[in-house]
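Working notes for the structure below.
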There are 4 protein chains.
Amino acid sequence: MPESKKEQIRQAAITVIAREGFHAATTDKIASEAGVAVGTIYNYFSNKEDILQYIFQVEYEKRAAFLAELSQKELGTIAKIRAMLEMHFTKVQENPNLVKVILAENRFGRRQKENGLLGLLEQIIRTGIARKDIRPCHASIIATILFGAIEAIMARYLAAGETKSDATALSAAVEEIIGLISRGLATG
Amino acid sequence: MPESKKEQIRQAAITVIAREGFHAATTDKIASEAGVAVGTIYNYFSNKEDILQYIFQVEYEKRAAFLAELSQKELGTIAKIRAMLEMHFTKVQENPNLVKVILAENRFGRRQKENGLLGLLEQIIRTGIARKDIRPCHASIIATILFGAIEAIMARYLAAGETKSDATALSAAVEEIIGLISRGLATG
Amino acid sequence: MPESKKEQIRQAAITVIAREGFHAATTDKIASEAGVAVGTIYNYFSNKEDILQYIFQVEYEKRAAFLAELSQKELGTIAKIRAMLEMHFTKVQENPNLVKVILAENRFGRRQKENGLLGLLEQIIRTGIARKDIRPCHASIIATILFGAIEAIMARYLAAGETKSDATALSAAVEEIIGLISRGLATG
Amino acid sequence: MPESKKEQIRQAAITVIAREGFHAATTDKIASEAGVAVGTIYNYFSNKEDILQYIFQVEYEKRAAFLAELSQKELGTIAKIRAMLEMHFTKVQENPNLVKVILAENRFGRRQKENGLLGLLEQIIRTGIARKDIRPCHASIIATILFGAIEAIMARYLAAGETKSDATALSAAVEEIIGLISRGLATG
DNA sequence: AATGAATGAGTTTTCATTCAT
DNA sequence: GATGAATGAAAACTCATTCAT
């Protein structure tokens, strides 16, 4: 039972787009990486852009599910934020290609989806304020800052070549962000 | 004798790339926006990518000069960071197209330059630690977080359409970031 | 199933290049002459120059096969040279376009192949000397002279318009060259 | 008293065309090699092709003058032919670039001029027949063969790189051609 | 006469997409 | 569903030629 054809193509596209960028990732290269014929791609996607959207969508859904679930957990707000950071930094180590694609091809036009994630994080923060886990603040600005920080750390990790600056750099980043947030948003 | 031809082309390219993205910004469109013939572009740039590099370079040099000068100023560390935030948020209001280009076309390959800026901010932070303006921390991680936060705020402002969410949103963001940093990195 | 697509394109290219020269033979014209789309050319050739190289290669291989076979035949040296002349002069009558291309586009860079033919003729001459069919001489210079003579005669035939100066002119040329060679290289 | 501008341009064109071929020899490169501005070229030539025609014309006139004068000389026919060979082989050694241009860019369209030279050599041969210096033959075919042989020898010399195969190769070629002709066209 | 910046028509090449098998 | 040859629109880039200075 091999993976479904659609999944094969998604994986192949991630590999090729991460390596060459969306524009240089031709449908021929993707098909060849996936081990299918070009025509087959069009049985599953309506065009090349659609492959990318699908990559974003699958990823968005995973993260949204994670955040939604996190939101429900019996955890302090700072602990929730820490869990979110760890999830992202684990992901960039496990699937650097995917994150490369997400970061590099994140045009304004494709950002819509992310607003959903932003809303979920915002909700976690808002709840934290209500519970007095953290001081009052603009939840949506804080959420934006957090996502910006996460992206920047991941980009830096990927740009460094993913080797030397290994897990340590990312752990340190978690602690710095948590240190900043926990003091910076402390109540009282 | 209005502006130099090279400057005309740079401006036109910013306009077209901001509107359509680098890939869809054809040399014909850029030339026509600049009011010159296609061939003229190639008297000033060796290829289309070179135009983009030049846009990044001009911008990088401006920011680097700003940060270098800021570094020397008789100002507390938090005040320096505030000045940097204000500079960026003023820029995105004054020249949203330019910032759109910088944010949207910032491929990994083109990030090199930014490392220079990162280093300058890092230096400001390191000095702040030495002076005990702020507590000990990983300067380079904090610098990365700050740039990530700035980018995310600017991207959000631009995505919102630059109209309703006007200056107020950006001012609020300055205060949130400063609030976070000043408490989060407070000494003692 | 007429001819292979690659062969269709080769034929069309010969026609167009003979008529307009390599430089003026645009890929559009070649495609249209071949009855295919421009893109199809690039499914069989990596670029325009490659079409020309292929034309030379196919022709070179035919001539090399002819000369190699001739070399083995039970024939006097002069008879072999006569056969070679007749082959060339028949070819120019049967396929003047092809010969036009070969003569007109034979840049220095593309001459490599011809050296192979030169070597084969040289071998025939060297054998002739050993057998005392002809007197000692610089085989490679004689071979060069012969090819030069053949090319010049063919060029003249083609320049004349291929009509009036028909087969007769070429037959006369065979006799003159053979007359010259047989006396000029006679033994004793 | 430097050379005339037109001559400067002719020389520069020969250098550049020999090195890069007519097509790749841009007017910019020629102007730069000549030490003038592109515009200046158009004060002396009506277009790029015209430069090449001029190169051919100057050369044609020199050779025609040489042949016309030779024709009048008190010399045996074979000696005249030898003089012609020596003239050509000296020229290729003294000005290989010029000969490269003449050989490489000798399209059918530009051959007209050469017919004049052919006629002059033909005349020398015809006179030789009348004088019984040589046996009856098709003067025009023999002339064509001779020019073909000369071109082939020169091309070979140039292709070899003009260094190792120096003057010796060319002297040997003179002797081979003369040997062939003097025996091959001997009277009686 | 000399200059060289500006021009824009013209070319090669690419590649997403289609569709007959 | 799968295939991959064929398609042709689209784009970057070149360079001979012009002309205002």
Side-chain angles (χ1 to χ4, degrees), chain A residues 4-6 8-9 22-32 34-52, chain B residues 4-6 8-9 20 22-32 34-51, chain C residues 4-6 8-9 22-32 34-51, chain D residues 4-6 8-9 20 22-32 34-52:
Chain A
S4 84
K5 279 267 153 70
K6 187 164 189 179
Q8 261 176 63
I9 293 167
F22 180 69
H23 180 233
T26 65
T27 49
D28 274 6
K29 285 178 191 162
I30 293 170
S32 143
V36 301
V38 234
T40 305
I41 290 177
Y42 289 84
N43 288 337
Y44 298 94
F45 298 95
S46 57
N47 54 44
K48 192 183 144 187
E49 175 72 26
D50 192 33
I51 306 175
L52 192 57
Chain B
S4 88
K5 278 266 149 72
K6 187 165 189 178
Q8 257 178 67
I9 294 167
E20 324 209 10
F22 180 69
H23 180 235
T26 66
T27 50
D28 274 2
K29 286 177 192 162
I30 294 170
S32 138
V36 302
V38 228
T40 303
I41 291 177
Y42 291 86
N43 290 338
Y44 296 93
F45 298 95
S46 55
N47 52 46
K48 196 182 136 185
E49 174 74 25
D50 192 33
I51 306 176
Chain C
S4 88
K5 277 266 149 72
K6 188 167 189 177
Q8 258 177 67
I9 294 167
F22 181 69
H23 179 233
T26 66
T27 49
D28 274 2
K29 285 177 191 161
I30 293 170
S32 136
V36 301
V38 229
T40 304
I41 291 177
Y42 290 86
N43 290 338
Y44 296 93
F45 297 95
S46 55
N47 53 45
K48 196 182 136 186
E49 174 74 25
D50 192 33
I51 306 175
Chain D
S4 85
K5 280 266 154 69
K6 187 165 189 179
Q8 262 176 64
I9 295 166
E20 325 210 11
F22 181 69
H23 180 233
T26 65
T27 49
D28 274 4
K29 284 178 191 161
I30 294 171
S32 143
V36 303
V38 234
T40 304
I41 291 177
Y42 289 83
N43 289 337
Y44 297 94
F45 298 95
S46 57
N47 54 44
K48 193 184 145 187
E49 176 71 27
D50 192 33
I51 306 174
L52 192 56

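Proteins come first, then strands; the chains are lettered A, B, ... in the order of their sequence lines, and each starts at number 1.
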Could you pull out all residues at least two apart from A/F45 that satisfy ring pair (Phe, Tyr, Trp, His ring centres under 6.0 Å)? A/Y54

Please compare A/V36 and B/A25 by the position of their nearest nucleotide in DNA chain F and report the one closer to 5'. A/V36

Using atom NE2 of C/H23 as one end and atom P of F/dT14 as the other, report the distance to the nearest whole Å. 14 Å

Measure from CD on A/E49 to C1' on E/dC15 and round the result to the nearest Å. 16 Å

Report the distance from atom CD1 of A/I30 to atom C1' of E/dT17, rounded to the nearest whole Å. 13 Å

Taking OP1 and OP2 of E/dA2, is either one under 4.0 Å from a side-chain nitrogen or oxygen of D/N43? yes

By salt bridge (Lys or Arg N to Asp or Glu O under 4.0 Å) - contacts of A/K29 (at least two apart): A/E20

Between D/Q8 (CD) and E/dA2 (P), how many Å, whole number? 9 Å

Heavy-atom pair of closest approach, residues B/A37 and B/A31: C-CB, 3.9 Å

Which atom names give the shortest non-hydrogen contact between B/T27 and B/I41, and what distance separates them? O-CD1, 3.5 Å

Looking at C/T26, C/I30, C/D28, which hits side-chain contact (heavy atoms from CB on, under 4.5 Å) with C/V38? C/D28

Once rounded to the nearest 0.5 Å, what's the spacing between atom CG of C/D50 and atom OH of C/Y42? 10.0 Å

Residue-phosphate contact under 4.0 Å: D/T40 side-chain N/O, E/dT3 OP1/OP2: yes

Just compare F/dG4, E/dT7, E/dA6 and give me whichever is closest to any side-chain atom of B/Y44. E/dA6

Between atom CG in A/N47 and atom C1' in E/dT17, what is the gap in whole Å? 9 Å

Are OP1 or OP2 of E/dT11 and a side-chain N or O of C/T27 less than 4.0 angstrom apart? no

On DNA chain E, nearest-nucleotide positions of D/A37 versus B/A37: which is more 5'? D/A37

Canonical and wobble pairing (Watson-Crick, G-U, under 3.5 Å) of DNA chain E, dot-bracket with |: .||||||||||||||||||||

D/K5 vs E/dA1: side-chain N/O to OP1/OP2 distance below 4.0 Å: no

Rounded to whole Å, how long is the line connecting atom CG of A/D28 with atom C1' of E/dT13? 15 Å

Rounded to the nearest Å, what distance is computed from the NZ atom of residue C/K48 to the P atom of nucleotide E/dG10? 15 Å

Going by salt bridge (Lys or Arg N to Asp or Glu O under 4.0 Å), name the residues that satisfy it together with B/K48, two or more places apart in sequence or in a different chain. none

Measuring to OP1 and OP2 of E/dC15, would you say a side-chain N or O of A/T26 lies under 4.0 angstrom away? no

Qualifying residues under side-chain contact (heavy atoms from CB on, under 4.5 Å), relative to D/Y44, sequence neighbours excluded: D/K5, D/K6, D/I9, D/T40

Given E/dG4, E/dG8, F/dA6, identify the nucleotide with an atom nearest to the side chain of D/V38. E/dG4

Nearest whole angstrom, please: distance from the C1' of F/dT17 to the CD1 of D/I41. 11 Å

Using the 3.5 Å cut-off, write out each protein N or O paired with an N or O of nucleotides 19-21 of chain F and the distance between them.
none

